[in-house]
Amino acid sequence: MIPSNFSYHKATSIKDAIALSQTHGEEAKYMSGGHSLLPMMKLRFASPEHIIDISKIDGLSYIKEEGDFLKLGALTTQSEMEYSPLIKQKYAIFSDAIKLTADPSVRNVGTIGGNIAHGDAANDQPALMLAMRATIIAEGLNGQKSIPIDEFFHGFYMTALEPSDILIEIQVPKAKNRSGGAYHKVERKVGDYATAGVAVHVELDDSGICQEIGIGLTNVSAVPMRLDRGEDI
Amino acid sequence: MKTNLTKSFEVPQSTELVWSHLIDPEKIMDCVPGVSIDEKVDDNHYKGKVGMKFGPMGVEYDADIFYNEIDVENKKIILSGNGVDSKGKGNAEMKMTITITELDAGGVKLDAIMDITINGKIAQFGSRLVDTVSEQLFKQFVSNFSKKLAAAETAAS
Amino acid sequence: MKHTITMTINGESVTAEVDSRLLLVHFIRENLDLTGTHIGCDTSNCGACTIMLNGHSIKSCTYLAVRADGAEITTIEGISPDGTNHPMQQAFHDQHGLHCGFCTPGMVIRSIDLLKNNPNPTEEEIRWGISGNLCRCTGYNNIVKAVQQAAKEMQKESQSV
Amino acid sequence: MFKCKTSPEVGGMGHSVKRKEDARFLHGKGTYVDDVKLPGQLTMVMVRSPYAYAKIKNINKEKALAIPGVLAVITGYDLAEYNLHWMPTLLSDTQMVLPTDTIMHQSQEVCAVIATDRYIAVDGAEAVEVDYEPMKALVDPYKALDEGAPLLRPDKEGQKDNQIYHWEKGDREKTDEVIAKADVVVKERIYLPRIHVASIETCGCVASYDKDTEKLKVYLTTQAPHAIRTIIALVAGHIGLSEEKIRIIAPDIGGGFGGKVPMYPSYVVAIAASFLIGKPVKWIEDRSENLVNGFARDYHMDCELAATKDGKIQAFKVSTLADHGYTDSSANPSKYPTGMFSICTGSYDYEHAFAELDAVYTNKAPGGVAYRCSFRVTEAVHAIERMVDKLAAEIGKDPAQLRFENFIKKEQFPYASPLGWSYDSGDYKATLEKAMDMIGYDKYKKEQAEKRAQGKLMGIGICTFTEVVGAGPSKDFDILGIAMFDSAEIRVHPTGKALARFGTKSQGQGHETTYAQILAEELGIPYTDIEVEEGDTDTAPYGLGTYASRSTPTAGAAAAMAARKLKAKGKKIAAYLLEVSEEDIEWEVGKYFVKGAPEKSKTIQDVAFAAYTNFPPGMEPGFEATHYYDPPNLTFPNGAYICVVEVEEETGAIDVKRFVAIDDCGNIINPMIVEGQVHGGLTQGIAPAMYEGIVYDDEGNVLNGTFMDYLVPTAVESPHWETGHTITPSPHHPLGAKGVAESPTVGAPPAIANAIIDALAPLGIKHLDIPITPAKVWEAIQAHKKK
C-alpha cells in the first residue's frame with residue numbers, strides 16, 4: 001500500500017501554510033499527524049496532489065488554562081494530552097477517551113486538532129468537544145475565527161473549515177469546582193474505531209444538583225452528534 | 001455490499017410541479033450530489049458521471065442511468081443507475097423507487113426506496129463508510145430537490 | 001518532487017534525496033538497508049514497523065520520510081549498538097518473549113518507550129501499552145514478563161547511576 | 001514427571017535452555033524474505049480483481065508500460081504460451097496462475113506488473129486497464145449444490161455440478177440406528193468460519209533465474225521447501241526447470257501456522273517473470289492480499305450426539321459442508337481430503353460414529369490451509385466438544401462429570417477409535433482433574449450459583465480434546481505422492497562440534513534449540529556445540545516440512561535415530577581406542593567406558609576426533625549419519641482446558657476471567673519453549689473464538705480485508721494464560737514426545753464457546769457460532785428476551 005504521487009510542502013508558519021493552500025487550491029490538503037489522511041492515501045481513497053505539512057509550525061502545541069478556558073494547541077499530540085498532569089487532574093474525560101484511541105505509538109503522532117478537523121464521526125475527540133461545548137479557533141484567509149462546536153461538523157468528512165482554514169486551537173470551558181465527565185466507547189477490540197461512543201460532561205452546583213450537562217455521541221450518524229433529548233432531561 | 005434506504009419527505013409544492021421534476025432527468029439528476037449527465041442515449045437511457053468527494057476522499061464512476069418505469073397513474077418512477085469506477089476498482093449499482101402522494105393539507109409526500117450495491121475496493125476497505133455516505137447523499141438530494149422545487153415555484157409565480 | 005533530508009539514524013547523520021511520497025519505513029529498509037524494521041500490515045495496526053523518532057515510538061509505515069527531516073531516529077539496530085543487549089532485549093531473551101522474531105524489533109522499541117513514561121507498570125498497563133503491536137506467536141504472556149523484568153533492571157540501573 | 005539425564009550445560013531433554021536463535025532477532029539481524037536484496041532485483045506487484053466473478057474482456061497494458069520503470073505486464077495469455085497459466089493444487093485440483101478468461105474470486109490475481117521499484121510497480125498496477133464483465137457471484141455454499149446453480153468449473157472435464165467430492169467414514173446405518181433408538185439425542189448445526197492465519201510476515205519470494213547456469217534460486221516464505229521444489233519441477237519441468245537446477249531457500253520465516261505451506265500463484269508468476277526477464281524478481285504481499293490468499297476452516301457441520309438418559313455416549317454423527325472456494329487447494333495428505341477430521345469422535349469411549357463431508361466450489365478464494373492446527377482437527381474437536389456440552393446441558397449433568405463418565409480409560413490405550421485411529425497414549429482423567437484442581441472448579445461452580453441467583457451471567461467452559469499429529473506414516477500419508485517422512489543429517493566435526501540439518505523448517509518454534517537439545521540428549525555433545533540448519537534445499541536432507549505439529553514427531557525422531565547410528569559407530573571406535581571388544585563398552589551420556597572399569601573411558605569428542613584421525617582399520621572414516629524417519633503411527637497429544645467468563649447482559653461484553661490449560665504432549669524437550677508454544681496457540685484459539693472471521697457479502701466482496709477490520713487480538717484481548725502438564729509418553733516415538741504447538745489452538749475455542757454458552761444458559765441460549773462477539777451475544781440476548 002503506497003500513496004499516489006504528490007508534492008510535499010513544509011509550512012513554516014500559519015501564514016505560510018495558508019499561502020501554500022491558496023497557491024495549490026483544492027488539490028492541496030493539510031497534514032498534521034497524518035494518521036487519518038495517510039492511511040486513506042495508502043489505500044488510494046484519497047489522492048491529493050499537494051500535501052502541506054503543518055506539523056512543523058512552532059507554537060501550536062500547548063495545554064494551558066487561560067481566562068475561562070482550557071486551551072489546547074491544535075498540534076498537541078494525543079500522548080501529550082495523555083501525560084499532561086493538568087489534564088489528568090482536572091479533565092479526566094480526555095484521559096478516558098485517549099486511552100481508547102488507536103494505540104500509544106499512533107497517539108505519539110496523532111494530534112488533537114487533526115482528530116477533530118478530519119470530520120470523521122468515528123473519531124473520539126469530537127464527541128468530547130460536543131459534551132464540553134468547546135469552541136474551535138481556526139485561521140484562514142481573513143484571519144482568525146471562532147466556531148462553536150455545534151456549528152463545526154457539517155457532514156461526512158466535512159466541517160465548517162474552508163479549504164484554506166487551519167484549526168489552530170480548541171477552547172474548552174475551564175473545569176469548575178464540581179464538574180467532570182467520562183467517555184465510554186464500545187469497540188470490537190482495543191484501538192478500533194468506535195462502534196459507538198458517548199461522552200458526558202456534567203456540572204453540579206454546591207448542593208450537588210446538576211446544572212449543566214453535555215452529551216456527545218461518536219459514530220452513530222454521519223456527523224458527531226449531540227444528544228439533545230438526553231441533555232434536556 | 002448492499003445497503004438499503006427507505007425515506008419519506010414532504011414538500012409544499014403541487015403534485016404537478018413535483019411530478020414534472022421527477023420525470024425530467026436533467027432536473028432530478030441535478031439534485032443528486034455529484035451527478036452530471038453527458039449524453040442522452042434514448043428517452044430512458046442517459047450516460048454521465050457520478051463523482052463524490054468527502055473531504056480528502058473521492059470516487060468517480062462512469063455511469064449509465066435508466067428510467068425503468070414511469071407510472072403516471074400511480075405517480076411512481078423507478079430509476080436505476082450503474083457505474084464503473086473510472087480507475088477500475090469496482091462498480092456500484094443503484095435502484096431508486098419514488099412514489100408521490102398528495103397530502104390533504106396541501107403539498108406532497110415523497111416515499112423513496114433506494115437499494116445500493118457496491119463492489120470492489122470501497123466494499124472491501126470502506127464498508128464502515130457506505131451507510132453513512134448513503135444517508136448523507138440522500139439528505140443532500142432532499143435538500144437540493146426541495147430548493148429546486150421552491151425556485152421553480154417562485155419562477156412560475 | 002524530490003527533497004533533500006538530513007537526519008540522525010542510530011547516532012549517524014544521514015543525508016538523502018527522497019520523493020515526497022516515500023514512506024519512512026521504506027527509506028529505513030531500502031535506502032539505508034536497516035532491515036530490522038519490518039512491515040506487517042500497511043495500516044498502522046500491527047506495529048512491526050515501530051521505530052523511535054525524537055524519543056517517541058512511532059509507526060514508520062504511516063510517516064513520510066520527508067517529514068523526518070531533522071529528526072533523531074533509533075531503529076532496533078541502534079538500541080544497543082555495541083552488540084550487547086539492552087535490558088529490554090535481554091529480558092525478551094530471558095523470558096522467551098519472542099518466537100518467529102518478526103514483531104520483536106517493534107515490540108522491543110515500543111516497550112522501551114512505554115517504560116519511559118511509566119517506569120514501573122502493572123501487567124494491565126503493559127498490556128495496554130503494547131496494544132498497538134501485534135504478535136501472532138507468543139500469546140503475549142512472556143512479552144509482559146519480559147517488560148516486567150526490564151522494568152526492574154532499568155530501575156536498578158537508574159538508581160545505581 | 002520427566003527426569004533430566006543431562007546436565008544443564010549439556011542441555012538435553014527437559015532443560016529450559018534459552019533459545020540459540022534469539023540474538024539475531026533481538027538485534028534486527030534476522031533475514032526474512034523481504035530483507036533479501038539481490039543485484040539488479042526487480043519488483044512485482046499484482047493487479048487484482050475488484051469482482052468476485054467476472055469475465056475478462058480485455059487487458060490493456062499500454063498506460064502501465066508507458067510509466068518509466070515499468071518493464072513488463074504479464075498476463076495469463078503470456079503464461080499460456082509456456083503452458084504455465086494453470087497449476088495443480090496440493091489436492092490434485094487445478095488453480096489458475098493467471099486467468100485467461102474468468103475471474104473466480106475477489107482479489108484474484110489478474111496480471112502482474114514488473115518494475116524497477118515497488119512504488120513504480122504499484123503505480124503500474126493502477127494504470128493497467130482491465131475490462132470486466134461482472135457476473136452474479138455464487139457465495140452461499142448451500143446454494144452451490146442447488147439444481148440450476150451456475151456451474152463454476154466448466155473447465156474441469158466431467159464436472160457436472162459444484163460438488164468437489166463426497167467423503168465418508170464409519171458405519172452410517174448402524175450409527176443412524178443407534179441414534180434413532182437413543183434416550184437422548186442433541187443436534188446442532190455448527191459453523192466454523194473462514195479465518196486467516198495472518199502471520200505478521202506476509203508471503204513473498206525473490207525468484208532469481210540465471211540464464212547461463214540455467215539455475216533457479218528462490219527465497220521463499222515456505223514451511224516446506226523440499227515439497228515446493230518438487231512441485232516447481234513438476235509444474236515447470238517442461239520449460240527446463242528440472243529439480244536439480246532448482247534451489248529453494250526458506251530464510252527466517254515470520255510465522256507460518258499453515259499459511260506458508262501451499263504454492264501460491266504469485267510465486268509461480270515471479271519465477272516465470274525472472275525466467276523471462278533474466279533478473280531477480282521480488283514479490284511481497286501486502287496485508288490485504290495476504291488476507292485473501294488462503295484460508296482455514298469454513299466447515300458447516302450438522303452434528304448429532306446420542307446418549308443414554310444418564311449420559312453414556314452411544315453414537316456421534318456429523319455431516320459437513322465444506323466451502324473450498326473456487327478450487328480445492330487444501331494442504332492435506334492425498335488420501336485424506338478432509339485431513340484428520342475423523343478424529344471427531346474425541347476423547348470418549350463409544351462404539352458408533354459416522355462422518356461425511358461434501359466439498360463445494362464457490363466464488364471465494366481457495367485455501368484450506370491449517371490455522372495452527374493439524375489438518376482439520378480444530379473443526380473435529382469443536383464439533384464433539386460443543387456437542388458434549390450440549391448433552392450435559394440437556395440432561396442436566398455437570399459437563400466435567402459427563403466427561404469423566406465417558407473418557408477412554410488409561411488402560412484402554414492403544415485405543416481403536418470408531419473412525420479408525422489408533423490413539424497411542426493418554427490419561428484423560430488425570431489431565432482433567434489437574435485442570436480442575438488448578439482453576440478451583442468447585443469454587444467457581446459455587447460462585448456461579450451465587451451469581452446466577454443475583455441475575456449475573458457467569459460461565460465455566462471445559463474442553464477435553466485429543467489431537468492427532470505427526471504425519472506420516474508414509475504408507476498412509478503423502479502429499480502429491482511424496483511420502484510424509486522426515487529427515488536429519490548430522491555431521492560431527494573432528495573437534496566434537498556438530499552441524500545438523502533437517503527437512504523441516506522452523507517459523508518460530510525454536511528448532512535451532514530443540515533439535516540441538518535432542519542431539520545433546522542422545523550424544524552428550526552440549527547443545528551449544530551443535531549448529532542446526534534448515535530450509536535450504538541444496539544442503540538440507542529431503543523432508544516434508546514443518547506444519548501440523550509434525551517436526552518433533554518426525555524430524556525430532558529422525559534426529560534421535562541418526563544420533564543412535566552415530567552412537568553405534570562410536571562404540572566401535574571407542575572399543576578400538578580402549579582396546580577392548582565392542583561388547584565390553586558401555587555408554588552413559590557423552591562417554592563410552594569399559595564395563596566394570598569406568599575410569600577407562602573416551603568422551604564422544606575423543607571418539608569424533610578418532611573417527612577422522614585414528615579409526616579402526618577397514619572402517620569407513622568420518623562421523624556422520626543421516627536418518628529418514630518414517631513414523632509407525634501418529635501421536636495423540638491431548639489436554640484439558642477450562643475457561644471462566646462473565647458476560648454483561650446490557651452490552652454483551654465478554655470478560656475471560658481465567659483460562660487454565662493442561663497439556664499432555666508426552667515427554668518434553670524444552671519446557672520453556674513448550675509453554676511459549678501453548679501461550680501462542682491459546683491466543684490463536686481465542687482469536688477465532690471471539691474476534692476473527694473473514695466476512696463475505698452476498699456479492700462476494702471481502703468486507704474485512706485489512707487489520708483495521710480483521711481483528712487479530714492484542715495483548716489486551718489476550719488473557720493471562722495459566723498452563724500446566726501431565727505426561728504420558730508416546731510409546732512409539734523414540735523420545736516419547738508428541739508435539740504440542742497446535743493443541744491450544746484446537747482446544748481453546750470450544751472451551752471459550754462452552755463457557756460463554758454456559759453463561760448465557762439461564763437466558764435460554766443454547767448455541768452460538770464462533771466468533772462469539774459482544775454484538776452477537778447482545779443480539780442473541782435481545783432475540784431471547786422477545787421470545
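Naming: A, B, ... by sequence-line order, numbering from 1 per chain.
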Chemist: With a sphere of 6.0 Å drawn around CD of D:Glu62, does it hold more than 12 non-hydrogen atoms of other residues, nucleotides or ligands?
Modeler: no
Chemist: Kindly compute the distance separating CZ (A:Arg188) from CG (D:Leu711), expressed to the nearest 0.5 Å.
Modeler: 4.5 Å
Chemist: Measure distances from D:Thr706 to the heavy atoms of chain A and classify the residue's part below 4.5 Å as side chain, backbone, both or neither.
Modeler: side chain
Chemist: Is it true that D:Asp123 and A:Arg44 have a side-chain N and a carboxylate O under 4.0 angstrom from each other?
Modeler: yes
Chemist: Under the salt bridge (Lys or Arg N to Asp or Glu O under 4.0 Å) test, which residues partner A:Lys90, sequence neighbours left out?
Modeler: A:Glu65
Chemist: Using heavy-atom distances under 4.5 Å, tell me whether A:Asn5 contacts chain D through its side chain, its backbone, both, or neither.
Modeler: side chain
Chemist: Is it the side chain or the backbone of D:Met708 that comes within 4.5 Å of chain A heavy atoms, both, or neither?
Modeler: both
Chemist: Heavy-atom pairs under 4.5 Å with chain A - which of D:Thr651, D:Val45, D:Asp709 has more of them than the others?
Modeler: D:Asp709
Chemist: So what's closer than 4.5 Å to chain A heavy atoms on D:Glu126: side chain, backbone, both or neither?
Modeler: side chain
Chemist: What is the distance from atom CD1 of A:Ile2 to atom CG of D:Asp286, rounded to the nearest 0.5 Å?
Modeler: 9.0 Å
Chemist: Would you call D:Thr714 and A:Lys189 a side-chain contact if the rule is heavy atoms closer than 4.5 Å?
Modeler: yes
Chemist: Taking atom NZ of D:Lys63 as the centre, report whether more than 12 heavy atoms of other residues, nucleotides or ligands fall under 6.0 Å from it.
Modeler: no
Chemist: Using heavy-atom distances under 4.5 Å, tell me whether D:Tyr119 contacts chain A through its side chain, its backbone, both, or neither.
Modeler: both
Chemist: When you look at CD of A:Glu26, are more than 12 heavy atoms from neighbouring residues, nucleotides or ligands closer to it than 6.0 Å?
Modeler: no
